[in-house]
Amino acid sequence: MSSLLTLALTGSLALTGCDDLGDPPGPPASRTSPASGGAALQAVEKLTVKGRAPRTGYDRDEFGSAWADTDRNGCGTRDDVLADQLADIARDSDGCKVLSGVLDPDPYTGTRITFERGRSKVDIDHLVALSDAWQKGAQQWSDGKRRAFANDPLNLVAADSSTNRRKGDGDTATWLPPNKAYRCTYVAGQVSVKSKYGLWVTSAEREAMRKVLSACPAEKLPTGGSPTEAPAR
């Protein structure tokens, strides 16, 4: 698993929008590594600080159909991310569905996880959860921006399913990966996503980001991913 940042039951998993849907046929995605955007710690200071808005009106459907093909490569986002972040993958004859692979290491636990479609212990997590985004600015977005956010590879990481579900819609102040070696990368990813989409943070969240990134001041801010407005359906 590279440091680059490139599901599920109701409850906490619904907050991350990780539903396993069928995918349209097409070729595998072509993905590139995002460039460095400078020090993540410095970027924290540029984030707007506000209180958390009410969760009123939140629904997973507000962010569009789960794993939509927003990059129009013929494959759903979930399979794009699995193909990008797993090793030793095998695909279905449609050229899209990832049938098996290995997540080694899982970024959240540091362990090796075997992926098998239909019996998966791997989720695709939104680094910044959809519900968290809703409470920090996304309520005011266009439908296209919310679809882009939900499918942006910059905000997506393959991870251990049980650990992901314990995260729920937690932000940096309320949840960090058990794998301490990944925390700088994880928090830098959240800072990057919130910067890119103009989401705000709470004061407690900003302090938590500062605390984690102060231990790794050279950690770079990931950049790249998809445009912030998805094409019309």
Side-chain angles (χ1 to χ4, degrees), residues 1-9 11-23 28-34 36 40 66-67 75-129 151-172 174-193 212-213 215-216 218-220 222 224-225:
M1 174 77 188
S2 68
S3 64
L4 121 86
L5 298 172
T6 14
L7 265 206
L9 303 173
S12 64
L13 187 57
L15 301 176
T16 60
C18 302
D19 306 278
D20 186 2
L21 302 180
D23 306 301
S30 174
R31 311 180 79 76
T32 58
S33 298
S36 165
W67 309 133
C75 300
T77 299
R78 181 173 187 265
D79 284 297
D80 284 346
V81 176
L82 289 171
D84 184 52
Q85 299 185 14
L86 270 60
D88 301 326
I89 65 166
R91 292 184 185 269
D92 189 67
S93 59
D94 66 5
C96 278
K97 293 186 182 70
V98 175
L99 302 178
S100 63
V102 178
L103 183 61
D104 188 16
D106 161 45
Y108 287 179
T109 65
T111 62
R112 183 181 189 275
I113 301 177
T114 300
F115 169 82
E116 184 176 351
R117 197 177 193 96
R119 292 186 288 177
S120 176
K121 296 180 180 180
V122 176
D123 283 352
I124 307 302
D125 182 37
H126 291 94
L127 293 172
V128 176
N151 292 279
D152 191 335
L154 189 68
N155 191 33
L156 299 172
V157 61
D160 172 64
S161 58
S162 60
T163 304
N164 174 45
R165 294 169 197 187
R166 285 194 292 271
K167 169 188 171 180
D169 66 349
D171 60 23
T172 304
T174 59
W175 190 88
L176 289 169
N179 179 17
K180 293 181 179 180
Y182 186 69
R183 287 182 178 178
C184 286
T185 301
Y186 176 82
V187 174
Q190 289 195 334
V191 174
S192 177
V193 170
V212 171
L213 294 172
C216 47
E219 185 74 31
K220 298 299 183 181

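Looking at E116 and L99, their side chains never come closer than 4.5 Å, going by heavy atoms from C-beta outward. Side-chain contact check for L103 versus F115: every heavy-atom pair is 4.5 Å or farther apart.
Closest approach of R91 and A83 over heavy atoms only: NH2-CB, 3.1 Å. Across all non-hydrogen atoms, the minimal contact from A158 to Q85 is N-OE1, 2.7 Å. Shortest non-hydrogen contact noted between A188 and P222 is O-CD, 3.7 Å. The heavy-atom pair separating R183 from P177 by the smallest distance is NE-O, 2.8 Å. In this structure, R117 and V98 approach most closely via the heavy-atom pair NH1-O, 3.0 Å.
In this structure, the side chain of N179 engages the main chain of P107 through a donor-acceptor pair within 3.5 Å. A donor-acceptor pair is defined here as one N or O able to donate and one able to accept, closer than 3.5 Å; such a pair exists between the side chain of K167 and the backbone of L127. A donor-acceptor contact shorter than 3.5 Å is absent between the side chain of T172 and the backbone of V187.
To the nearest 0.5 Å, atoms OG (S162) and OH (Y108) are separated by 12.5 Å. Annotation: the span from H126 atom NE2 to N151 atom CG amounts to 6.5 Å, rounded to 0.5 Å. Considering CG of D125 and CZ of R165, their distance stands at 11.0 Å, rounded to 0.5 Å. With values rounded to the nearest 0.5 angstrom, D160 atom CG is found 8.0 Å from D123 atom CG. K121 contributes atom NZ, which lies 8.5 Å from atom CD1 of I113 (distance to the nearest 0.5 angstrom).
Residue I124 forms a side-chain contact (heavy atoms from CB on, under 4.5 Å) with just one option from T77, D80, N164, L82, and that option is L82.
Between the side chains of R166 and T163, a donor-acceptor pair is found at a separation under 3.5 Å.
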